Structures are given as C-alpha cells and as structure tokens.
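Written out below as structure tokens is the structure these notes cover.
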Amino acid sequence: MSQQEGLKKIVSHAKEYGFVFQSSEIYDGLAAVYDYGPLGVALKNNIKAYWYKAMVDAHENVVGVDTAIFMHPKTWKASGHVDAFSDPLIDNKDSKKRYRADVLIEEHIAKIESKIKKEVTKAQKRFGDAFDQAQFLQTNGRVVDYQKKITEINSEMKRCLEAEDFTALKQLIEDLGIACPVSGSKNWTDVRQFNLMFDTEIGALADGSSKIYLRPETAQGIFVNFLNVQKTTRQKIPFGIAQIGKAFRNEIVARQFIFRMREFEQMEMQFFVAPGDEMKWYEYWKGYRLKWHKALGFGEEKYRFHDHIKLAHYANAASDIEFEFAIGFKELEGIHSRTDFDLTQHQELSGKKLQYFDNQLNKSYVPYVVETSIGLDRMFLAVLSSALKEQSLEDGSSRVVMQIPAFLAPYKLAVLPLVKKDGLPEKARSILQDLKFDYAVHYDEKDSIGKRYRRQDAIGTPFCLTIDHQSLEDDTCTLRDRDSMTQERLTLQDIQLRLQQKVSISQILKQLEK
RNA sequence: GCGAAAGUAGCUCAGCUGGUAGAGCGCGACCUUGCCAAGGUCGAGGUCGCGGGUUCGAACCCCGUCUUUCGCUCCA
C-alpha cells in the first residue's frame, strides 16, 4: 500500500465511523481544521487520560494546570513569537522560490556596499600611502551617491516595515530592479505577511492597543505561572508543570489530515531544574517519553529519535521522537532543553523576579527548563495509523479491524443479544445497565451476530459480550476477543474480572514504573 | 502561496457527440436468522461543490470561486 493510499484509508475510515470530520463540511470545509466525532472524542479523551496519568499522577513532582488561550500580549514579545514570525514574504513567479522581502533588499544593499569597497580598493592603489579613506568616502562623487542610495533604501524599507506597507515594499523591490537569484526574472508576487499567530481584539474598542493573540503554544501559560504553581503546591526543584490545551498556528501550508492543523491540541510539560542539571533530566525525560510510547505495543521499530543539529533560539539540546505514520517517519513529540531563556525573558519584560531559592545550594537562580511536548492530534493519528488493519482470514474472507490498545478504545465492550427475540434483548440491556458506569459500553441488536462482530472490529471495540438462551438460565455469556476472534463462556462475575484486567489503564501505567 | 488533477446519494463509482440522474454497498422499518460481513420485502436519501456565462436545453462546454489530492515551497 502506498503512503497516500494508507492515509486515504485512514481518513475515510475515520469519517465513516465518526472519528474525524472536516470542519464546516456542509460549507465546503475549512482548510486544515477538523472536528472530532463521537468515537474520535472518546479516543482522544482516553489518550489524554493516559498522558495525564503517566505525567502527573505517576510523578509526585509533576502537577497540572489549565491556562487560558488568551494571554497578555507581552508574553509573545518575551517568547520571541511576535518578532521572529512576522516576516514579509515574496515569491518569484518563475522560479517559484520564496524569499523574505527585507532580505532581498538587504542583499541588494550589500551589493552596493561591495561596489563602494571596490572604489576604495581602486583608489587605494591609485593614491598609495597618501590615501585617506575617511576623506575619500566623504568626497568621492560615486561613493557619495552609493552611500546616499543606501540610506534612502534603508529608510524606505524601514518605513514600509514599520507601517506594514507591503505595496510600497514591493514597489521598492521593483524600483531597485531586484531579480530572483534563481530564475533571474523580476516577476514577483505581492508581498505578504505570514504571521504565525492569529490575532483578535479584546474589549469593545478595536484599536491597536487591544490586539490579542491566540496562543501558538501552551508552554507560555506554564512559564508565566511558574511562581504561582511553585508556591501554592510547595514543590521543590526539580519539578514539572503539565498541561493539555489548544494552540493555534496560521500555517502557510497545512496538510496531511490532522497531522498539521491550524487549531490543534498539545500535551506539554515543562520541568524546572537547577542550572547544570538540565542534561541529566533531558536524558531522563527522553527515556521516559519513549517508554510511554512503546508501552502501546505498536512496535519498537516504529519509533526513532531525531536529534536536532540546528537549535532554536531558546534551546541547548533538542530531540524529536519520530513515529512511522502511514505517511512515513514524522515528528510526534519534541523533548527540548530550553535553558533559562523563557523565564529570563519573562523576568525582564514583567519586571518580576522569577527565581527559586535553592536551600541545597543556598542561593537563588532562574531555573533551567526541560520540555516534553507532544501533539495530541498527531498521537491520535499515530494510534489510527498503527491500529487500522485489513486482515485476510483463514476461511478466505477478510475483515477490517482497529487494534487499538484496549484501554484507549472508544468502547470497551459491546453487548449483543444473539437474536432480537425471546427476551434476549431485555437480558442484554439489564447486563449493560450493570456495566455502563464502569466501562464505555455499546449496545447493538441489529443484523446477524457475525455482522455485528465485524462492526465492532471496525471501531476497535476489544470485547463483545453475546447473550444467548443459556444466559437466561445460568447468567453466563460468551466473551469474544477482537484480536484473536476466539470466544469463552464466562459467568457475569468472571467477565467483570476479565474486563478489569484487560481494559484498565493502571496495568500499563505500572509497566512504566519499571 | 505557485503548478497540475479531481469534486455526481453516507461510501465507491457509472452516466455516450449536451436532451433536466443510476448501480453496488451502507442506512431505516418489518420478516427471517442459535455465534463471525454480503437472506427477503418495503422505504428514505441527490437543485450533479458553489456562482456566473454559452445554448431552445448544461452533470457534461467556457470563466470564476471553494474544497481535496499530488509536486514545489515553508516548518520553533
């Protein structure tokens, strides 16, 4: 199966069974935005629970928060998002290459500067020892013209950027006769600004001062609450703050289903450590996070680390956990050593001391941070990617089955009366009644029993409980296993025990402790 | 964002040189059915992505637009 076909199957299966729908589909959809359906939200919630329990409940020194999507605009000044991600971009229509408009102009200025240098070199040769460079620069007609030109370009560019006047910026590029280095043509698109962050207005007046951003990452909500959390929970360093929440990025190209969306959900933890300890904890969390993934049993070979060579402005080490999706190995989670960059930045911009007094070291410091950040939607796609299978059976038939780990499955159990008569539906419903508050249970009485088994296979229900005539007499039922397709006759009591064993999340969490 | 292709029922698709829509599966009701899909009867569901244009007449031809897919580009 090719990669595109694989993803296509996942997309259509996800839609057919109510996992994921395209947003606003009846209006032709909204690009790179998706809705989770009834089964999707169940799976998603189960993934969240697995993460939260493993990170927070399993670690005494990790606590949770749920911070707002709106934050003070200075937050994004501090984090670097405002400045670093508002570049004016321009495309050359012939070469299809994209450039930063300001960089193109700066390169043009650099060319003029090199012309000045040439003049200087020439003049040096001519005048020899008598050459006075400062005087030459001020008096030589050609050089003065070049210099004047540079000043003009610079001030016009500055004006355009500050006023966000992109029409004039394009005009400047055209006036200077700047050509694409690749195609050599001057056939440019308009200048556009791709700001990573979505913005909106807060308050009734829509003036500039009330502009507010939708957070592009959840991490900053943790950083700005560092002291609040540390003091109220009496945590000592090292400790972590975990959060699951939505983030928004205005991606230029957002594609590949829920892999890259404009609105998405992150599961992040920021772990605060003493300066100098960061590498130790970076290694610890790399190991723990990989263990968390491998415990799902999708296969060890589906994971690999990708260590970053080129680091972001805030990091001194970074690694991705890549997963082999239907579309190949792609980033699923990032583990970053973020140094003290964020807290120091917030300390400077807020004027509030964001430090910790360490009794061991008998001094205060800005803690270093190790971050683990996983895309919930990508995790969801990872589960679908590995779980969805088309199997050929011994009898020549085939089935579509989602081998979702039982504790993540949307429904844990389907309760099925063998036939829709003789009091079997009533018996089935009374059993369901007893189980429904402990497990996500689904009831189905339509169509033949075989067909119902296949339907449950298709949505990943790990167990089917079939109520037959014998059940009416002795309270036993057959429990059918999704993966092996085998059945066992058990008492209702044994079934409860079996479910506790096979479906509970605590088993897998205990495994992570080893 | 650029280039190319596609869009007909919930899904997969058919629909001739233009003459106002069909199949299979699925879905619903009833019947049948003692354990691994594809039994019977009946039924619901489409202004052919949307908006213009050409034409006596457009699912079909032309233009625009939206969405999707692929390639390029971008990616903390």
Side-chain angles (χ1 to χ4, degrees), chain A residues 2-5 7-9 11-13 15-18 21-33 79-81 84-85 87 89-100 182 187-194 196-197 216-217 219 247 249-257 259-260 308 310-315 318 320 330-331 334 336 338 341-342 371 373 391 393-401 416-422 424 445-458 464-471 477-482 484-487 489:
Chain A
S2 81
Q3 293 188 348
Q4 300 94 289
E5 280 171 357
L7 184 64
K8 246 185 196 166
K9 285 221 166 111
V11 174
S12 61
H13 194 86
K15 187 188 171 188
E16 185 176 357
Y17 291 97
F21 309 118
Q22 197 189 6
S23 163
S24 319
E25 199 185 60
I26 61 166
Y27 292 108
D28 278 336
L30 184 63
V33 184
S79 70
H81 285 85
F85 298 102
D87 308 327
L89 300 176
I90 190 165
D91 291 352
N92 182 270
K93 286 179 184 167
D94 299 310
S95 67
K96 314 286 180 214
K97 294 286 171 196
R98 170 168 297 156
Y99 302 92
R100 273 176 55 177
V182 176
N187 191 9
W188 298 104
T189 64
D190 288 341
V191 176
R192 288 150 310 197
Q193 191 174 33
F194 289 107
L196 170 97
M197 292 191 287
E217 63 176 20
R249 294 184 190 182
N250 196 4
E251 302 281 356
I252 301 169
V253 174
R255 253 183 231 174
Q256 285 173 320
F257 195 40
F259 187 82
R260 179 169 287 122
H308 290 207
K310 192 177 147 236
L311 296 168
H313 57 280
Y314 53 73
D320 295 335
K330 299 268 181 188
E331 178 185 348
H336 296 210
R338 288 183 80 127
F341 175 84
D342 297 277
E371 165 188 275
S373 172
Q391 292 181 333
L393 304 175
E394 283 179 12
D395 64 2
S397 67
S398 66
R399 68 164 181 163
V400 173
V401 58
L416 314 171
L418 185 60
V419 289
K420 199 170 63 174
K421 60 178 184 187
D422 304 335
L424 296 188
E445 60 179 23
K446 182 111 206 284
D447 297 312
S448 75
I449 191 70
K451 207 165 179 175
R452 280 179 277 164
Y453 287 151
R454 297 298 169 89
R455 263 207 292 267
Q456 296 305 320
D457 288 343
C464 290
L465 191 62
T466 304
I467 284 74
D468 55 19
H469 293 88
Q470 192 183 329
S471 312
C477 313
T478 59
L479 191 68
R480 182 253 192 196
D481 182 89
R482 175 193 67 200
S484 66
M485 296 172 72
T486 55
Q487 281 173 274
R489 180 165 286 278

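In this text the structure is predicted, and so the values were computed from the model without any measurement. Chain letters run A, B, ... following the sequence lines, proteins first, then strands; residues in each count from 1. Hydrogens, waters and symmetry mates are skipped; everything else that's a heavy atom, side chains included, is used.
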Q) Which sits closer to the 5' end of RNA chain B, A:E217 or A:G450, going by the nucleotide each is nearest to? A) A:G450
Q.
On RNA chain B, does the nearest nucleotide to A:D422 precede the nearest nucleotide to A:H336 from the 5' side, or the other way round? Give the residue.
A. A:D422
Q: From the options B:G34, B:G10, B:C35, select the nucleotide whose nearest atom is closest to the side chain of A:K15.
A: B:G10
Q. The side chain of A:R480 lies closest to which of these nucleotides: B:U67, B:C36, B:C35?
A. B:C36
In whole Å, what is the span from the [atom1] atom of [X] to the [atom2] atom of [N]?
| X | N | atom1 | atom2 | result |
| --- | --- | --- | --- | --- |
| A:F257 | B:U69 | CZ | P | 10 Å |
| A:L465 | B:C35 | CG | C1' | 13 Å |
| A:Q22 | B:C11 | CD | P | 12 Å |
| A:Y453 | B:G34 | OH | P | 14 Å |
| A:D468 | B:G34 | CG | P | 12 Å |
| A:Q391 | B:A37 | CD | C1' | 14 Å |
| A:F259 | B:U69 | CZ | P | 14 Å |
| A:H81 | B:C75 | NE2 | P | 15 Å |

Could you measure between the two [atom1] atoms, the one in [N] and the one in [M], and give it in whole Å?
| N | M | atom1 | value |
| --- | --- | --- | --- |
| B:G18 | B:A58 | P | 13 Å |
| B:C13 | B:A4 | P | 24 Å |
| B:C66 | B:C27 | P | 37 Å |
| B:C61 | B:A29 | P | 41 Å |
| B:G57 | B:G53 | C1' | 15 Å |
| B:A9 | B:A14 | C1' | 13 Å |
| B:G46 | B:C11 | C1' | 14 Å |
| B:A59 | B:G51 | P | 12 Å |

Q: May I have the step-by-step check of side chain to side chain contact (heavy atoms under 4.5 Å, CB included) for A:R455 and A:D447, ending in yes or no?
A: CA-CA 10 Å; A:R455 263 207 292 267; A:D447 297 312; 3.1 Å; yes
[N]: pairing nucleotide in any strand, Watson-Crick or G-U under 3.5 angstrom:
| N | value |
| --- | --- |
| B:G57 | none |
| B:G18 | none |
| B:C25 | B:G10 |
| B:G51 | B:C63 |
| B:C70 | B:G3 |
| B:U33 | none |

Q: Kindly indicate whether the side chain of A:D457 and the base of B:C36 share any N or O donor-acceptor pair separated by less than 3.5 Å?
A: no
Q.
Strictly under 4.0 angstrom, non-hydrogen atoms only: write out the protein contact profile of nucleotides 25-33 of chain B, one letter per nucleotide from the 5' end, B, S or -.
A. -SSSS---B
Q) Touch check for A:Q487, heavy atoms < 4.0 angstrom, all strands: base, sugar-phosphate only, or nothing? A) base
Q. Touch check for A:S12, heavy atoms < 4.0 angstrom, all strands: base, sugar-phosphate only, or nothing?
A. nothing
Euclidean distance, [Y] [atom2] relative to [X] [atom1], rounded to 0.5 Å:
| X | Y | atom1 | atom2 | value |
| --- | --- | --- | --- | --- |
| A:E331 | A:R260 | CD | CZ | 8.5 Å |
| A:K421 | A:E445 | NZ | CD | 13.5 Å |
| A:D468 | A:R489 | CG | CZ | 4.0 Å |
| A:Q487 | A:D481 | CD | CG | 10.0 Å |
| A:K8 | A:F257 | NZ | CZ | 13.5 Å |
| A:I467 | A:T478 | CD1 | OG1 | 7.5 Å |

Q: Check the pair A:K446, A:R452 against side chain to side chain contact (heavy atoms under 4.5 Å, CB included), reporting the backbone distance first and the verdict last.
A: CA-CA 7 Å; A:K446 182 111 206 284; A:R452 280 179 277 164; 5.5 Å; no
Q | Derivation of the side chain to side chain contact (heavy atoms under 4.5 Å, CB included) call for A:L416 and A:R480 | A | CA-CA 11 Å; A:L416 314 171; A:R480 182 253 192 196; over 6 Å; no
